[in-house]
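Down below is the structure, laid out as structure tokens.
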Amino acid sequence: MTYGLSPDQLALRARARDLAQNLIKPNARRVDETEEYAWDNVETLQEAGFMGMTIPRAYGGLGLSYLDAVLVIEQMAACCGAAGRITVEANMGAISAIMAYGSEEQKRFAAEFPLSGDKPAICITEPDAGSAATEMTTEAHKQGDKYIINGAKHWITGGGVSRLHLIFARAFDERGEEQGIAGFIAVRDETPGLVIGRREPAMGLRGIPETEVRFEDMEVPQTMMLVPPSGLRRGFGDLIDAYNSQRVGAGTVALGLAQGAYDLAREFLLEREQFGRPIAEFQGLQWMLADMATSIEAARGLTYRAARSKGDRAGLFPDPVMAAQAKLFTSEMAVKVTNDALQMHGAMGYSRNCDAERYVRDARMFTIAGGTAQMLRTLIAGGELDMKTPQTRDGYTKLAERDPPGRTKPSVAA
Ligand SMILES: Cc1cc2nc3c(=O)[nH]c(=O)nc-3n(C[C@H](O)[C@H](O)[C@H](O)COP(=O)(O)OP(=O)(O)OC[C@H]3O[C@@H](n4cnc5c(N)ncnc54)[C@H](O)[C@@H]3O)c2cc1C
């Protein structure tokens, strides 16, 4: 199945698959067991041009599309979830926002990081502001030509290994008046007051640290404040538009994990014998396999459609509803498919000597991180009903907040 991919995209997918199978897969168990960030994998990704591939050519990248990146991420995640996530964050999320909204200086500055092997960190979630992200309390106060930032984030992917950070904070002017939520660009080890805190002992995807990140009187020059073109009042909405790229990327990692687990289970079914025949001959397992294959294909269709779509006003990022549908469906599918793959292995699937259990643990995060399954359903319903999604204090979608007529309708590029 070629999904209308161009010859260049098919070649890119084949190259990514080759590299993932030969160079990334052999490290996957080590990465999980040691819980150490795989710098050797990063080097492999960088040499292949997969770190920063979506960065425009003018800034040193390959100028590839989100769909191109998705094709690569899927192959990496099928072999190693952590490598898939590194590829997401080196091409989407923080770097996407900066390349779309940044000044010339910011774009030139930021592009260098993924291109030289850094996986940027995006810092939104706080201990008391998860799904209700706009309730964040991290504050940036203007003082002359700089901002002084105080606050704390948690569950920041790459804390302690990422260098470039995009930090969401409430911005205040010199009179102490709130201006809106903006992004601030800072670099670990070069910005006093950027402190990496406690690491979470995460269930899966253990090759990437999830940590607290604190800002203790951290100074960021005004030139490193990322303000979307429509200004600070709409700043959060625009920054979250950029996040839709990362949401598609996260769904793609779940897709790749499901495919990897499926491949493992299929092979096992053909090899393992019980009652004098390969277990693949039992209809009970055949039907499970058929459901797994079908739901993976459905997820792939939604993911590629979302990656091709353009939803925000400027057409820079995937459509929010399509991105939410792709991640919602794919993440729940991956939880089920990886679990079924483990089941098909019998006791062996429950052993840490078998990759099936790693796929289960790795897949579990995607119904939570980057918008929970519940919040994505609310977002999708808001799109269906032409209502704003709940970033309000009470968390409900309100009829009174219907988007005005003329809301940008999503489009999917051919
Ligand atoms: C592995 C991992 C990596 C992450 N990486 C990052 C990162 O790099 N950067 C970052 O900023 N954040 C990151 N996060 C944080 C993630 O985005 C948040 O966990 C997520 O937004 C949910 O917030 P919460 O955990 O505070 O849950 P809560 O918001 O407290 O939700 C708790 C439960 O209530 C439900 N709920 C909440 N509000 C509603 C509502 N209105 N309607 C229905 N149900 C609701 C949720 O769905 C959930 O089931 C990561 C999380 C994980 C697990």
Side-chain angles (χ1 to χ4, degrees), residues 32 35 37 77 81-82 84-86 88-90 92-97 118-138 151-169 181 183-184 188 196-215 236 239-240 242-247 249-251 253-254 257 323-324 327-328 331-332 334-335 361-382 387-398 401:
D32 180 60
E35 304 193 15
Y37 193 67
R85 283 189 76 206
I86 292 170
V88 172
E89 299 204 8
M92 295 160 163
I95 195 68
S96 293
D118 185 46
K119 175 215 84 58
I122 187 159
C123 306
I124 307 173
T125 309
E126 298 182 358
D128 293 325
S131 299
T134 51
E135 295 194 4
M136 65 180 63
T137 56
T138 295
K153 306 283 180 180
H154 75 166
W155 283 99
I156 301 308
T157 302
V161 295
S162 298
R163 294 192 59 230
L164 189 73
H165 286 60
L166 179 64
I167 300 142
F168 285 37
I181 291 176
F184 292 86
R188 181 177 58 84
I196 306 299
R198 186 172 57 95
R199 180 174 177 169
E200 286 293 339
M203 172 182 178
L205 289 160
R206 296 182 181 176
I208 305 189
E210 309 289 346
T211 74
E212 287 175 336
V213 179
R214 295 194 304 275
F215 318 107
F236 183 77
L239 289 166
I240 287 295
Y243 194 76
N244 286 314
S245 60
Q246 177 131 336
R247 193 162 273 166
V253 179
L257 289 167
K327 179 174 169 280
L328 171 64
S331 58
E332 292 188 341
V335 169
R361 286 188 285 106
D362 285 358
R364 194 61 193 84
M365 78 163 259
F366 293 97
T367 64
I368 302 168
T372 66
Q374 290 71 35
M375 293 307 289
L376 295 182
R377 281 190 168 84
T378 301
L379 192 158
I380 294 164
M387 288 192 240
K388 275 190 183 158
T389 45
Q391 290 297 340
T392 54
R393 183 158 272 279
D394 61 12
Y396 286 97
T397 308
K398 289 180 178 161
E401 293 186 353

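Numbering of ligands and ligand atoms starts at 1, following listing order. Side chains included, hydrogens not; waters and symmetry mates left out as well; all remaining heavy atoms used. Heads up: numbering here begins at 1 and tracks the sequence.
- For the residue pair Arg214 and Gly197, the shortest heavy atom distance occurs at NH1-CA, 3.8 Å.
- Across every non-hydrogen atom of Phe366 and Arg85, the tightest pair is CZ-CD, 4.2 Å.
- With rounding to the nearest 0.5 Å, the separation of NE2 in His165 from CG in Asp118 is 8.5 Å.
- Close approach to Thr372 involves these atoms of ligand 1, each under 4.0 Å from a residue heavy atom: 22 (C), 46 (C), 47 (O).
- Ligand 1 places these atoms under 4.0 Å from at least one heavy atom of Ile368: 20 (C).
- Taking only nitrogen or oxygen atoms, main chain and side chain alike, His154 does not reach within less than 3.5 Å of ligand 1.
- Taking OG1 of Thr372 as the reference point, atom NZ of Lys327 lies at 7.5 Å (rounded to 0.5 Å).
- For atom 23 (O) of ligand 1, the choice among Ala121, Ala373, Gly130 with the nearest heavy atom turns out to be Gly130.
- Using a 4.0 angstrom heavy-atom cutoff, Ile156 counts as in contact with ligand 1.
- The option from Pro120, Ala369, Gly93, Gly204 that lies nearest to atom 2 (C) of ligand 1, judged by heavy atoms, is Ala369.
- Here Ile122 contributes atom CD1 and Leu239 contributes atom CG; the two are 8.0 Å apart, rounded to the nearest 0.5 Å.
- For a threshold of 3.5 Å applied to N or O pairs, the pair formed by Ala129 and ligand 1 contains no separation below that value.
- Atoms CG and CG, from Leu257 and Leu205 in turn, are 6.5 Å apart once rounded to the nearest 0.5 Å.
- For ligand 1, none of its N or O atoms has an N or O atom of Arg85 under 3.5 Å away.
- Under 3.5 Å, the side chains of Glu126 and Thr138 contain a donor-acceptor pair of N or O atoms.
- For the pair Val253 and Val88, the tightest heavy-atom approach, listed with the atom from each and the gap, is CG2-CG2, 3.5 Å.
- Residue-to-ligand polar distances keep Glu89 apart from ligand 1: every N/O pair is separated by 3.5 Å or more.
- Counting heavy atoms closer than 4.0 Å to ligand 1, residue Met136 contributes nothing at all.
- The line from CE of Met365 to CD1 of Ile208 is 8.5 Å long, rounded to the nearest 0.5 Å.
- When Gly158, Cys123, Ala94, Ser131 are ranked by how near their heavy atoms come to atom 36 (N) of ligand 1, first place goes to Ser131.
- When non-hydrogen atoms are compared, ligand 1 lies under 4.0 Å from neither the backbone nor the side chain of Lys153.
- Which parts of ligand 1 touch Met375 is read off a 4.0 Å heavy-atom cut-off, strictly below it: atoms 38 (N), 39 (C), 40 (C), 41 (N).
- Note that the CG atom of Asp128 and the OG1 atom of Thr137 stand 7.0 Å from one another [nearest 0.5 Å].
- Under the 4.0 angstrom criterion for non-hydrogen atoms, Ala202 is not in contact with ligand 1.
- Close N/O approach between Trp155 and ligand 1 is found [any backbone or side-chain N/O within under 3.5 Å].
- Contact annotation: for Thr157 versus ligand 1, heavy atoms closer than 4.0 Å belong to both the backbone and the side chain.
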